[in-house]
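Single-structure report; data block below.
One-based numbering, in listed order, for ligands and for the atoms of each. All values below were derived from every heavy atom in this structure, side-chain atoms included, with hydrogens, water molecules and symmetry-related copies excluded. Note that the structure is predicted; figures quoted are calculated from it, not measured.
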Amino acid sequence: MRRNRRFEWNRRLVRENRLSVDDLIWPVFLCEGTNVCEPLESLPGVSRYSADKIGEQARIAQDLGIPAIATFANIAMDKRDVNGSEALNPDNLINTGTRAIKDAAPDIGVITDVALDLFTTHGHDGILRDGIIVNDETVDHIAKAAVLQAQAGADIISASEMMDGRMGAIRDALNLAGFQDTGTLAYSAKYASGFYGPYREAVGTDGLLKGDKRTYFMDPANADEAEMEALLDIEEGSDIIMVKPGMPYLDVIRRLKDKFAMPTFAYQVSGEYAMIKAGSSLGFMDEERVVLESLTCFKRAGADAIYTYFAPQVARILNSK
Ligand code: PBG
């Protein structure tokens with residue numbers, strides 16, 4: 001076995017999977033105000049940008065060859081309520097951000113998300129009634145939000161809130177409004193995970209969230225169930241399925257890829273990013289090496305594309321090779 005590993009040239013010849021800039025999706029955080037670039041403590045190297053500053057970032061990403069940006073936002077407290085009504089404001093921060101990105105970098109794909117956590121006072125992804133996240137009312141609400149996001153110019157509408165029946169409702173609403181060509185991405189296997197911690201600081205829900213999301217996100221112990229979730233999303237018309245978080249769930253990516261042969265994305269989430277940053281800043285590991293290794297392993301597991309906060313950094317490394 002070792003003969004094929006002797007030199008870099010023969011390792012290159014037998015290499016089975018390759019990470020490329022084409023595999024990267026860059027998640028970005030918007031914030032209110034103008035001329036704001038706010039570094040995030042729990043995500044070293046990641047900042048929140050006001051809508052007027054996000055175009056410049058999109059332009060940088062486009063010039064690096066990154067195919068798509070996924071937007072999230074830290075919405076001001078006075079715009080949030082228990083029902084996430086702000087999601088239905090055509091000029092909310094997400095939609096303003098989409099327009100700014102499209103103006104500055106028309107060739108980069110914009111992926112928005114319909115989950116209500118950005119808009120609610122309780123930080124849950126859906127509408128809360130008597131301590132319960134209500135499914136059907138949330139689905140109606142997010143299907144309307146999806147149409148507004150498409151109207152603002154989003155190319156792909158993603159759904160990360162794990163309600164039942166959402167992908168079909170979003171697809172129908174988009175079609176009815178004339179957005180047959182707008183894609184949908186289902187966070188099919190989204191787990192109730194501790195690895196989302198830093199994201200919740202970034203979008204301002206860390207202090208808000210009461211209880212947890214276990215009644216609607218998946219149990220980390222399950223994988224058969226991920227197949228069922230993906231099957232439903234595919235039957236309801238999703239163009240892409242996703243697994244989230246990433247590194248602890250590579251087996252789930254492989255199962256879904258093998259089972260459905262669908263475009264299958266993965267999300268290297270905030271806690272995974274923070275872990276690598278923390279470990280390498282303490283000198284316990286080499287940052288560039290583990291970043292490239294972790295992302296290459298997503299490819300090996302069958303991911304077609306990867307959401308990662310490392311996207312610009314990795315694109316620079318890969319472009320210089
Ligand atoms: C919520 C949402 C979460 C992330 C993206 N959208 C997590 C949560 O449920 O709180 C996590 C992203 C990350 O951790 O990087 N719909």
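Classification of Arg254 and Asp258 as a salt-bridged pair holds, one side-chain N sitting under 4.0 Å from a carboxylate O. With respect to the salt-bridge test (charged N to carboxylate O, under 4.0 angstrom), the residues Asp224 and Arg255 qualify.
Listed by number with element, the atoms of ligand 1 under 4.0 Å from a non-hydrogen atom of Asp117 are 1 (C), 2 (C), 16 (N). Every atom of ligand 1 is numbered from 1 in the order shown, and the set under 4.0 Å from a heavy atom of Tyr267 is 12 (C), 15 (O). Which parts of ligand 1 touch Ser270 is read off a 4.0 Å heavy-atom cut-off, strictly below it: atoms 13 (C), 14 (O), 15 (O). Of all the atoms in ligand 1, the ones that sit under 4.0 Å from a non-hydrogen atom of Phe217 are 9 (O). Each of the atoms 1 (C), 6 (N), 16 (N) of ligand 1 lies under 4.0 Å from some heavy atom of Ser160. Distances below 4.0 Å separate heavy atoms of Lys213 from the following atoms of ligand 1: 8 (C), 9 (O), 10 (O). Near Ala115, meaning under 4.0 Å from any of its heavy atoms, are these atoms of ligand 1: 16 (N). Annotation for ligand 1: atoms under 4.0 Å from non-hydrogen atoms of Tyr309 are 12 (C), 13 (C), 15 (O).
No hydrogens or angles considered: nothing links the side chains of Thr98 and Gln149 as a donor-acceptor pair under 3.5 Å. Judged by distance alone, the side chains of Glu229 and Ser188 never bring a donor and an acceptor atom under 3.5 Å apart.
Contacts with ligand 1 closer than 4.0 Å are made by side-chain heavy atoms of Phe72 only, the backbone lying farther away. Contacts between Val269 and ligand 1, counted as non-hydrogen atom pairs separated by less than 4.0 Å, involve both the backbone and the side chain.
Below 30°, between 30° and 60°, or above 60°: for Trp9 and Phe7 the angle between ring planes is below 30°, a parallel geometry.
Screening Tyr196, Tyr307, Tyr191, Tyr249 against Lys244 for a side-chain contact (heavy atoms from CB on, under 4.5 Å) leaves a single residue, Tyr196. Here the rule is ring pair (Phe, Tyr, Trp, His ring centres under 6.0 Å) with Tyr309, and of Tyr199, Phe29, Phe72 only Phe29 fits it.
The nearest heavy-atom contact from the protein to atom 5 (C) of ligand 1 is Lys244 NZ, 2.7 Å. Among protein heavy atoms, the minimum distance from atom 10 (O) of ligand 1 is reached at Arg200 NE, 2.6 Å. Ranking protein heavy atoms by distance to atom 6 (N) of ligand 1, first place goes to Tyr199 OH, 3.1 Å. Among all protein heavy atoms, the one lying closest to atom 2 (C) of ligand 1 is Lys190 NZ, 3.1 Å.
Relative to the six-membered ring of Phe217, Lys213 misses at least one condition, a distance below 6.0 Å or an angle of at most 45° to the axis.
When all heavy atoms are compared, the tightest approach of His124 to Asp212 is CE1-O, 3.2 Å.
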